[in-house]
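Computed from a prediction, not measured in an experiment: that's the story for all the values here. One-based numbering, in listed order, for ligands and for the atoms of each.
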Amino acid sequence: MTLTVTPSGQACGARIEGIDLTQDLSNHQIAELRQLWLEHKVIAFPNQALSPEDLERVAQYFGDIGEDPFFGHIDGYPNICAIQRDADEKTSIFAEIFHTDWSFMDIPPAGTALFGITIPPHGGDTLFADQVKAHEEMPDDLRAKVEGLTAIHSAAFGYAPDGAYGSSDQESGRSMQIKPSEKARETCAHPLVREHHETGTKALFSSAAYIQRFEDMSAEDSQALLMELYVHQTQEKFQYRHRWEKDMLVIWDNRSLLHSATGGFDGYDRLLHRVTIADTRW
Ligand code: SIN
């Protein structure tokens with residue numbers, strides 16, 4: 001079978017057809033897909049009727065299974081979590097802020113695999129923002145401010161007991177299994193500009209979603225800079241808007257991108273299964 005690769009025509013992203021992911025892939029096929037993933041940063045495979053076992057197997061073509069520190073999992077599959085919102089749910093849209101997954105970890109995940117199961121007829125797109133382009137196209141004054149900065153990451157904003165998905169959110173009827181914890185307050189330092197160890201490219205790594213402040217900078221100055229950066233990082237010219245289909249698998253590179261969920265599907269269920277892909281090093 002020959003692969004058909006259709007770039008999105010936006011900042012990043014490609015659709016890949018001509019491969020059956022329900023079957024074991026050869027080393028040659030895996031190498032080809034990994035190359036496309038690194039090149040396009042987010043790749044989408046339509047019409048793949050994957051079982052949970054298939055989803056875990058395909059994710060492992062891209063790296064080992066990673067941790068999901070604050071999520072529950074689907075029954076019988078400790079590596080798969082459900083990104084889920086019920087039709088009548090009134091909670092906030094989960095992850096509706098540009099972020100990169102679990103950037104507060106010592107070795108943050110290389111990628112994420114997300115598989116569409118119940119897709120609403122409208123809304124619920126996922127937005128991606130290319131952070132290699134955002135780094136390349138930084139205005140000189142912003143570049144001068146971020147040069148050499150170390151960012152302090154933490155999950156507290158979302159997952160501490162008083163965070164956005166903390167105790168009060170748990171009482172508001174969220175269907176997705178989230179496990180807030182005091183551990184979310186732990187911090188981890190990473191350079192703001194990250195060199196990708198597989199491609200050698202430089203990217204802005206993470207956002208105000210997980211970055212609390214910068215080393216050797218006051219909280220107030222850090223917040224101002226994080227907001228200025230967020231506006232720059234998430235400009236439409238760096239974005240790819242992904243429209244979901246049932247039985248579509250999407251795999252993205254967390255080292256090169258930010259992503260954000262979107263709403264617009266009240267009255268409809270939305271369910272996707274997610275596997276986190278570990279990295280081998282920073
Ligand atoms: C996520 O950030 O993992 C969720 C993305 C989405 O629901 O579109």
Side-chain angles (χ1 to χ4, degrees), residues 8 10 12-13 41-46 55 59 62-63 65-74 77 79-87 89 91-105 108-131 153 155 157-159 163-165 169 174-180 184 205-211 230 233-234 239-266 268-278:
S8 71
Q10 301 173 42
C12 54
K41 305 182 180 79
V42 47
I43 48 178
F45 301 89
L55 176 57
F62 295 81
I65 300 277
E67 268 178 71
D68 278 314
F70 304 108
F71 287 167
H73 56 79
I74 63 168
Y77 296 93
N79 300 319
I80 300 182
C81 65
I83 304 289
Q84 150 176 15
R85 193 164 192 274
D86 292 344
E89 200 165 319
T91 59
S92 60
I93 298 295
F94 173 71
E96 200 181 19
I97 175 171
F98 277 96
H99 64 286
T100 187
D101 288 331
W102 309 145
S103 70
F104 49 84
M105 292 172 72
T112 303
L114 196 56
F115 179 61
I117 295 173
T118 307
I119 302 302
H122 52 76
D125 298 347
T126 304
L127 302 179
F128 294 90
D130 185 329
Q131 296 305 292
H153 299 240
F157 174 68
Y159 300 99
Y165 306 118
D169 185 66
R174 187 175 293 281
S175 57
M176 184 171 155
Q177 282 189 54
I178 298 182
K179 299 185 163 177
F205 182 67
S206 197
S207 74
Y210 287 131
I211 298 176
Y230 192 85
Q233 289 174 288
T234 60
Q239 286 187 23
Y240 160 56
R241 173 177 283 270
H242 178 74
R243 176 77 203 132
W244 284 96
E245 296 167 22
K246 178 178 165 49
D247 288 343
M248 175 180 267
L249 176 69
V250 169
I251 302 184
W252 67 82
D253 185 341
N254 278 305
R255 300 159 295 189
S256 309
L257 294 172
L258 296 176
H259 63 279
S260 164
T262 67
F265 58 96
D266 279 356
Y268 294 94
D269 291 337
R270 182 176 186 264
L271 173 66
L272 303 100
H273 281 177
R274 175 176 136 154
V275 174
T276 297
I277 301 165

Quiz item: Any heavy atom of H99 sitting closer than 4.0 Å to ligand 1?
Solution: yes
Quiz item: Between W102 and F71, is the gap from one ring center to the other below 6.0 Å?
Solution: yes
Quiz prompt | N/O separation below 3.5 Å, W244 to ligand 1 | solution = no
Quiz prompt | Aromatic centroids of Y165 and F94 separated by under 6.0 Å | solution = yes
Exercise. Could you tell me which residues satisfy side-chain contact (heavy atoms from CB on, under 4.5 Å) with I117, sequence neighbours excluded, listed by chain and number?
Key: F115, L271, H273
Practice problem: Give the residue, atom name and distance (to 0.1 Å) of the protein heavy atom nearest atom 4 (C) of ligand 1. | Solution: I83 CG2, 4.2 Å
Quiz item: Do R270 and D86 meet the salt-bridge criterion of a basic N to acidic O distance under 4.0 Å?
Solution: no
Quiz item: Between A261 and ligand 1, which part of the residue brings a heavy atom under 4.0 Å of the ligand: side chain, backbone, both or neither?
Solution: both
Practice problem: Identify whether the distance between the nearest side-chain nitrogen and carboxylate oxygen of R255 and D101 falls below 4.0 Å. | Solution: no
Quiz prompt | Minimum-distance protein heavy atom relative to atom 8 (O) of ligand 1 | solution = T126 OG1, 2.6 Å
Practice problem: Look at atom 3 (O) of ligand 1 and find which of M176, H259, R274, R85 reaches it with the closest heavy atom. | Solution: R274
Quiz item: ligand 1 and D125, any nitrogen or oxygen pair closer than 3.5 angstrom?
Solution: no
Quiz item: Among all protein non-hydrogen atoms, which one is nearest to atom 7 (O) of ligand 1, and what is the separation to 0.1 Å?
Solution: R270 NH1, 2.9 Å
Quiz item: What atoms of ligand 1 come closer than 4.0 angstrom to any heavy atom of A95?
Solution: 2 (O)
Quiz item: Can you list the residues that meet the salt bridge (Lys or Arg N to Asp or Glu O under 4.0 Å) rule with R174, with sequence neighbours excluded?
Solution: D169
Self-check item: NZ/NE/NH1/NH2 to OD/OE distance under 4.0 Å, D130 and K41
Solution: yes
